[in-house]
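See structure below.
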Amino acid sequence: MAATASQASLLLQKQLKDLAKNPVDGFSAGLVDDSNVFEWQVTIIGPPDTLYDGGYFNAIMTFPQNYPNSPPSVRFTSEMWHPNVYPDGRVCISILHPPGEDPNGYELASERWTPVHTVESIVLSIISMLSSPNDESPANIEAAKDWREKRDDFKKKVRRIVRKSQEML
């Protein structure tokens, strides 16, 4: 187990260094606490030309000791209104689901977690999720209903959280 944790630690340190050297548009990432490479603070900038444009959304990425064999969990700490984000902030996208077959039959194994994913690919997938909600298998039923049936209400709620995120800066 210790070997796996140290391999995960080395890989995460490398990804952190790579992101510091070559920042990616749309987000910034760093450690919550310098002594723990398994917990990252990520700030996602709302993607241009989406309802989330101009917002700054904070999230915590928590990596398991056996990363990259298992996916991290990602939870928004900023308020978020989105069909694929649970009310408690947890992000629900296919690549964050454990590898292998989906017990519910919604996802192909190829859509789920694989060890090739990096912090960068995960966050870019979350940015893509913000741009294109999937209301077929929602994590937040109310947000999905608003997205489908009351688009104006949905837009109003998102505009409010974008404003709130700007005020937190």
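None of these values were measured; they are calculated from a predicted model. Basis for what follows: all heavy atoms, side chains included, without hydrogens, waters or symmetry-related copies.
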Next item on the list: Would you sort out whether T50 and L130 count as a side chain to side chain contact (heavy atoms under 4.5 Å, CB included), showing the intermediate values?
Entry: CA-CA 8 Å; T50 70; L130 291 176; 5.6 Å; no

Next item on the list: In sequence, state the C-alpha distance, the side-chain angles, and the governing distance for W40 and T62, and then conclude on side chain to side chain contact (heavy atoms under 4.5 Å, CB included).
Entry: CA-CA 7 Å; W40 291 38; T62 306; over 6 Å; no

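- At least one side-chain heavy atom of P133 sits less than 4.5 Å from a side-chain heavy atom of N84.
- Among residue pairs with one or both ends in residues 125-153, those qualifying as side-chain hydrogen bond (donor to acceptor under 3.5 Å, both in side chains) are D146-K157; sequence neighbours excluded.
- Side chains of Y56 and E167: no donor on one and acceptor on the other come within 3.5 Å.
- A pairwise comparison of heavy atoms in P71 and P99 identifies CD-CD, 4.3 Å as the closest pair.
- Looking at every heavy atom in both residues, G55 comes nearest to Q166 through N-NE2, 4.5 Å.
- Applying the side-chain hydrogen bond (donor to acceptor under 3.5 Å, both in side chains) test to every pair with at least one member in residues 71-81, sequence neighbours left out, gives these pairs: E79-R160, E79-K164.
- Residues V24 and V119 are members of one and the same hydrophobic cluster, defined by side-chain heavy-atom contacts under 4.5 angstrom among Ile, Leu, Val, Met, Phe, Trp and Tyr.
- With S121 contributing its side chain and T118 its backbone, the two residues share a donor-acceptor pair below 3.5 Å.
- Checking E107 against S94 by side-chain atom types alone, a donor-acceptor pair falls below 3.5 Å.
- Among residues at least two apart or in separate chains, side-chain hydrogen bond (donor to acceptor under 3.5 Å, both in side chains) pairs with a member in residues 17-28 are K14-D18.
- Side chain of Q65 to main chain of A8: no donor-acceptor pair is present (N/O by atom type, distance under 3.5 Å, no hydrogens or angles).
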Next item on the list: Carefully, step by step, assess F63 and Q15 under the rule side chain to side chain contact (heavy atoms under 4.5 Å, CB included).
Entry: CA-CA 13 Å; F63 296 87; Q15 289 183 21; 5.5 Å; no

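- Note on I45 and M129: separate hydrophobic clusters, where clusters join Ile, Leu, Val, Met, Phe, Trp and Tyr whose side-chain heavy atoms are under 4.5 Å apart, directly or indirectly.
- Between D53 and V162 the shortest side-chain heavy-atom distance does not fall below 4.5 Å.
- The side-chain heavy atoms of Q7 and N66, taken from C-beta on, include no pair separated by under 4.5 Å.
- A side-chain donor-acceptor contact under 3.5 Å links R112 to the backbone of G100.
- The aromatic rings of H82 and Y52 sit tilted, their planes meeting at an angle between 30° and 60°.
- A tilted orientation is assigned to the rings of H117 and W113, their planes being inclined by 30° to 60°.
- V91 has its side chain within reach of L96: a pair of non-hydrogen atoms, C-beta onward, lies under 4.5 Å apart.
- Of the inter-residue distances, the one linking I60 atom CD1 with Q41 atom CD reads 4.5 Å to the nearest 0.5 angstrom.
- Proximity of a side-chain donor or acceptor of E111 to a complementary backbone N or O of L108 within less than 3.5 Å is detected.
- Between F76 and N58 the shortest side-chain heavy-atom distance does not fall below 4.5 Å.
- At least one side-chain heavy atom of I126 sits less than 4.5 Å from a side-chain heavy atom of V74.
- Applying the 6.0 Å contact sphere to CG of D49 captures no more than 12 heavy atoms from other residues, nucleotides or ligands.
- I127 places a side-chain heavy atom less than 4.5 Å from the side chain of F27.
- Scanning all heavy atoms of the two residues, the minimum distance from S70 to P64 falls at O-CG, 3.5 Å.
- Linking ILVMFWY side-chain heavy atoms closer than 4.5 Å, directly or via other members, places Y86 and M80 in two distinct hydrophobic clusters.
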Next item on the list: Report the C-alpha separation of V37 and L31 in whole Å, then their side-chain angles, then the decisive distance to 0.1 Å, and conclude whether the side chain to side chain contact (heavy atoms under 4.5 Å, CB included) test is met.
Entry: CA-CA 6 Å; V37 76; L31 301 180; 4.1 Å; yes

